[in-house]
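Notes follow once the structure below has been shown.
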Amino acid sequence: MTLTRNDFVELDKNDPMAHFADEFHIPEGVIYLDGNSLGAMPKKAMARARKVIEQEWGHDLIKSWNKAGWFNLIEKLGDKTATLIGANKGEVIHCDSTGLNLHKLVAAALDMRPDRKVIVMEGSNFPTDNYMVQGLIRQLGRGHEIRFAEDGEILGAISDDVAVVCLTHVHYKTGHLHDMDAITKKAHDVGALAIWDLCHSAGALPVDLNGSNVDMAVGCTYKYLNGGPGSQAFVFVAKRHQGTAVQPLTGWWSHEAPFAFERDYRPRTDIRQMSTGTEPILSLAVSEVGLDIFMRADMDEIRKKSLKLTDLFMQLIEEQLDGYDFKIVTPMQHDRRGSQVSISCNNGFPIMQALIEAGVVGDFRAPDIMRFGFTPLYVSYVNMWDAVERLRNIMENGSWDRPEFKQVGAVT
Ligand SMILES: *Cc1c(COP(=O)(O)O)cnc(C)c1O
């Protein structure tokens, strides 16, 4: 049966999560489908930033390291994130960027498997993961190599010469979802360690790191977790590896007794060993606001709505844009995808620019992918209808073909 706009209005009326949208600032008229790249701003972020600047920094100054809990914020936030990714208290902290943390984890894991030289990675992964490991290998100079494999080839690439399997759970471009459980099990069967990047999973779908016996993980907080631009990443090390897994960026925050100011390094044996040094507190503090919204939401409900939004979006694309050069590359199967829909299209870049101009914000990933992210906390069902309608208008009137939509900025 063909859908009408009213079907979507009805779905919104019956959506148990609809009230969360009020907690985010979305500019008037904008349909924001890019929360997988930069999450929307929680309205309370401003008050939190103001408090950190005026009170904690402005008034309390250095006392805030204790009084406002600045020093322990990395663990406090980590314990909250842990509840979203199937980890326990004391297994997660927030610090540094995803890339830096991945460097630390892979270095620590390689030291735990000194006789093995191979790291299995997905060649088409978000490049920084591969770049960081390539840099690490060069720096170590111990003859490590990356064995690149694509979706469908991963299990076959995991043999008993592998030290580490390092993959991103949901693919940034296509949105395909790897079987964390099966891949981690295969890694362990051959004696390797499994490191997962959760950049496009945390806050997008339920993740069960300990349920899958994962060894280590990292992820962004500025995407689905709405932490703010450049907010610190999180890093997970399973309890059983803490004390054995030692990362090499051995700054004072990871020292057993940072305020003893000893001459020589002694690693902590808890998750804080994964930190390095003084964190940008403003960013860290503000990112807690987004996390606190998740503490009141049910991850299973989020997943349910996400799948429904993406199912409907794909259905509308097929119904209403039949005859144009759009091909959905995200798997249809629920257990094979995250919370995004990617569409390949030859003129994807100017079409996306025209769409953004029309108030539907997605993004473009070279060479030909139009990418739409679905964040159930603040995206509504009627947004699906309106977004596809605006896209259809752009296609019908050909406005995407205007020269201004073909200029490429520094960030796509
Ligand atoms: C977004 C993303 C990153 C970002 O890394 P930064 O160090 O924060 O710049 C890394 N890996 C993946 C898979 C991502 O999707």
Side-chain angles (χ1 to χ4, degrees), residues 33-40 74 77 81 84-85 92-107 119-136 146 148-151 154 164-178 180 183 194-205 207 209 214 216-236 247 249 274-277 279-280 283-284 286-287 290 330 337-342 362-366 369 371-375 410-412:
L33 303 180
D34 213 2
N36 54 325
S37 200
L38 176 66
I74 62 171
L77 270 55
T81 298
L84 303 175
I85 56 175
V92 181
I93 52 169
H94 285 218
C95 62
D96 302 322
S97 67
T98 300
L100 274 174
N101 288 324
L102 196 81
H103 173 101
K104 298 176 202 172
L105 290 184
V106 175
I119 304 153
V120 172
M121 300 189 80
E122 191 169 16
S124 62
N125 190 5
F126 187 84
T128 208
D129 295 37
N130 298 341
Y131 298 164
M132 289 307 281
V133 174
Q134 286 169 338
L136 174 66
I146 301 178
F148 286 119
E150 292 302 319
D151 189 25
I154 309 273
V164 179
V165 176
C166 180
L167 296 169
T168 299
H169 191 206
V170 176
H171 197 276
Y172 81 106
K173 204 189 288 189
T174 67
H176 70 245
L177 170 69
H178 284 300
M180 176 182 281
I183 292 172
I195 301 177
W196 287 94
D197 181 330
L198 305 178
C199 276
H200 294 275
S201 323
L205 67 157
V207 176
L209 291 177
V214 167
M216 303 173 186
V218 289
C220 283
T221 64
Y222 54 75
K223 292 173 179 165
Y224 289 94
L225 294 177
N226 311 308
S231 59
Q232 284 87 340
F234 62 84
V235 49
F236 159 89
Q247 62 92 359
L249 304 181
M274 291 298 138
S275 69
T276 293
E279 289 294 326
S283 188
L284 198 59
V286 169
S287 71
T330 302
R337 64 177 151 97
S339 196
Q340 72 184 61
V341 173
S342 301
D363 60 22
F364 176 79
R365 288 292 173 260
I369 298 285
R371 195 171 69 147
F372 299 93
F374 298 83
T375 48
V411 174
T412 61

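Everything quoted here is computed from the prediction, not taken from an experiment. Numbers for residues simply follow the sequence, beginning at 1. Just so you know, ligand 1 is whichever comes first in the structure, and atom 1 is the first atom listed for that ligand.
Side chain of Q232 to main chain of T221: no donor-acceptor pair is present (N/O by atom type, distance under 3.5 Å, no hydrogens or angles).
Annotation: the span from N130 atom CG to C166 atom SG amounts to 8.0 Å, rounded to 0.5 Å.
If you check the side chains of H94 and T81, you find a donor sitting under 3.5 Å from an acceptor.
Ordered by chain and residue number, the residues placing a heavy atom less than 4.0 Å from ligand 1 are S97, T98, G99, N125, F126, T128, D129, T168, D197, C199, H200, C220, Y222, K223.
With contacts defined as side-chain heavy-atom distances shorter than 4.5 Å, the pair L105/M274 qualifies. You'll find the side chain of I74 reaches within 4.5 Å of the side chain of L284, heavy atoms only.
A194 is linked by a side-chain contact (heavy atoms from CB on, under 4.5 Å) to T184, A187, W196, D215, counting only residues two or more places apart in sequence or in another chain.
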